[in-house]
Amino acid sequence: MSQSVRQRVEELRRQIRHHDYLYYVEAKPEISDREYDRLMQELKDLEAAHPDLARPDSPTQRVGGQPIEGFQQVRHEIPMLSIDNTYSMEQLREFDARVARALGTGKYRYLVEPKIDGVAAAVRWENGSLRHVVTRGDGSVGDDVTNNAKRIGAIPLRLLEWHELPAHESQSRSTAQMPVPRVLEVRGEIYWPRDAFARFNAQRAAGGEEVFANPRNGAAGTLKQLDPRAVAQRGLSFIAHGLGVVEPMPAAGASEFNALLRQWGVPTNVQACLCEGIDKVVAAIDEWAEKRYDLPYETDGMVVKVDSFRQREDLGATSKYPRWCIAYKYAAERAGTRLHTVDFSVGRLGTITPVAHFDPVQLAGTTVVNATLHNFDQVARLDVRLGDQILVEKAGEIIPHVVQVDMAKRPRDAKPIAPPAKCPACGGPTQRDEGGVYVRCINPECPAQLKQRLQFFAGRGQMDVENLGPAIVDQLVDSGLVKHFADLYRLAKPQLLDLERMGEKSATALLANIQASRDRGMERLLAGLGIRHVGGRASQVLTEHFGGIDELAKAAQEELSAVHEIGPVIAASIYQFFHATQGREMIRQLKEVGVKMTGDRARRAPAKTPLAGKSVVVTGTLANYTRSQIEQKIKDAGGRVSSSVSKATDFVLVGADPGSKADKAKALGVRTLSQQELERMLQQGEGQ
Ligand SMILES: [Zn+2]
């Protein structure tokens, strides 16, 4: 193998680690996700072509991976104690008095930081390479979740030495130029950032799947997934907040240690502050009572710990808790109010959800006027009635909900809440799920459902039709222009111009967006169809297995449930969809308007196009295509797209105003292509 391949692999790994550092530790990414993906793809391709260059701590080891049977139990070398906690400032001051007494001095400092609501875990590197990730478990024995934790970008597979840091960092005074310890074990929190959690749950709900109650349960459930590929998509993160075995120990206190961790590429809490004296601690806690809702993760309190490691040793631990540390917890945000009305919203699958409307209350930093009652089982369990005095709770960004009714204050004329006999949107019949807790509208033409389904179909994870917002969808359905998904592709400009607030320019753009969505492929189409229990993940698996909607539609129920990750419930739901008139008609019409019905699997066995197996670099602006569209075309034709020109590059596609890549191609003697030449090559493939 040539020396240049080895060098390129090293260079790519270095670049990826560098960008991981900027992203996870500094939170200042310098390149787009797409550029990052390109680096990763190039590295993957090179490692695939040269298996002897593979390494267990290469950044590519974050992706792929085989499902496992179960989790090994691992004993913690140093037990992971839990933290004593309190809701009272008085007890916090008592804690401080005990610390002062035991140390016999007033000279100590506290490190105070938000307590992240996630899954505690020990992460261990040996000689700079990730060795294992073990959950806290019962404190002495936990589960080895390394395989899954490798999919969490914030946990470096290989630590950075100080000289590998970005230039501005390695030159700064804050860098101690301390080598990575031979053994480094940190304790920290694996958590699900609010945004990613909300996105995932919305997608699950849309697919008719069960949602996670909160990010902590979700993170715990995710870590226990047997298939690491399912973990990769959920966007979990990690922050270190403590230490286990560290050999040799390079720091005298936690704040100093944190600075070193960051330098080695391990994220620590940037909100941590050093406080001298308990009054400063109390002030910090007060300050975060409101500010914590702006954090990207859920937090229910602040952790207060003595900074100096020597003082920590002097203080020691009880059998349960360290004596140098305490968590102050904020009281859950609840408020009383009066329920005045309940109305019903109709979801994409016809589910009718009761929504409580009450007098405004302040909760978790916002004014709240309504809350979900989830379903009619919940209504019965709470025995909530109109006019009742109720208790509402809201934690962070979790949707507020009604937790309790004050029976003592129930007015004599309080009215019970009955499930509607007719759909509030279409007047059609409703029905309670068999054995289930939901009441649904069963009219297949219910406009409320159609609107929700259309919006979902056009959503970002699905067909991604930009600018097709709720206001436009409402008008399209109400005017009768759109009765099926396929009708979207039949829209003409004059019809759009009749809609409210629709100008020439936005109509043109919307039509172009709709047309562009035709080619999203099977995975996203399938996710958008709204088949119950079939969300993004199931769509991916099914696309990889079947490669086309027709093949999927023909599959027997047993064949479907034999696919890895597809259980009998999903299989039954898919089978029903493709064997019901409505589902078949939907697919027939979508085909008629030219929506692409195949996906990834077909792409893996590409036709013999002139681009098959070739490495292509794209530079400059192209006519009629965005960068990602042309890259997809190249990949569909069996080519590989990489981000930088080298001797291994086969073609450089040169658009208008090309960058230095075109010059480099010339210098290296790599063949350049015009857009026309490339299009001709693509067409040759289609003919076969
Ligand atoms: Zn309805």
Side-chain angles (χ1 to χ4, degrees), residues 201-211 341-357 370-380 384 386 399 415-459 462-463 465 468-488 491 499-500 527-535 572-574 576-587 589-590:
N201 251 0
Q203 186 122 52
R204 290 266 284 217
E209 296 168 275
E210 214 179 314
V211 296
T341 38
V342 168
D343 64 17
F344 308 103
S345 73
V346 185
R348 186 167 58 81
L349 301 164
T351 321
I352 296 174
T353 306
V355 179
H357 299 267
N370 50 47
T372 177
L373 282 161
H374 300 292
N375 54 56
F376 292 94
D377 262 20
Q378 177 76 354
V379 170
V384 56
L386 296 182
I399 306 160
K415 278 198 203 69
I417 300 155
K422 283 180 183 167
C423 169
C426 70
T430 65
Q431 195 181 320
R432 195 178 269 263
D433 270 6
E434 209 179 306
V437 294
Y438 295 104
V439 173
R440 289 174 205 278
C441 162
I442 52 171
N443 170 15
E445 272 154 31
C446 173
Q449 291 178 53
L450 177 59
K451 286 173 187 172
Q452 300 274 337
R453 283 205 308 269
L454 270 172
Q455 262 178 56
F456 179 74
F457 180 76
Q462 294 74 247
M463 298 301 262
V465 183
L468 190 62
I472 295 173
V473 167
D474 282 359
Q475 292 185 69
L476 289 174
V477 173
D478 292 341
S479 63
L481 282 172
V482 174
K483 294 198 175 71
H484 306 273
F485 293 155
D487 292 339
L488 279 180
L491 289 170
L499 303 181
E500 270 172 51
L529 289 177
I531 304 174
R532 238 176 129 191
H533 305 299
V534 180
S573 176
I574 296 166
Q576 276 163 22
F577 176 87
F578 286 108
H579 289 80
T581 324
Q582 236 193 324
R584 277 208 297 259
E585 180 61 14
M586 191 190 283
I587 299 297
Q589 290 205 25
L590 285 169

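Whatever order the structure lists ligands and atoms in, that order sets their numbers, starting from 1.
- Gln449 places a side-chain N or O within donor-acceptor distance of the main-chain N or O of Cys441, the cut-off being under 3.5 Å.
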Task: Steps toward side chain to side chain contact (heavy atoms under 4.5 Å, CB included) verdict (Arg432, Asp377) - done: CA-CA 11 Å; Arg432 195 178 269 263; Asp377 262 20; 3.6 Å; yes
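- Below 30°, between 30° and 60°, or above 60°: for Phe485 and Phe457 the angle between ring planes is below 30°, a parallel geometry.
- Put simply, the side chain of Thr430 gets close to the backbone of Pro420: a donor and an acceptor are under 3.5 Å apart.
- Taking a cut-off of 2.8 Å, the protein N, O or S atoms nearer than that to the Zn ion (ligand 1) are Cys423 SG, Cys426 SG, Cys441 SG, Cys446 SG.
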Open item on the list: Let's go through Leu373 and Thr353 carefully: what are the C-alpha distance in whole Å and the side-chain angles of both, what is the deciding distance for side chain to side chain contact (heavy atoms under 4.5 Å, CB included) to 0.1 Å, and is it a yes or a no?
Closed with: CA-CA 7 Å; Leu373 282 161; Thr353 306; over 6 Å; no
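- In this structure, Gln582 places its CD atom where only 12 or fewer heavy-atom neighbours from other residues, nucleotides or ligands lie under 6.0 Å away.
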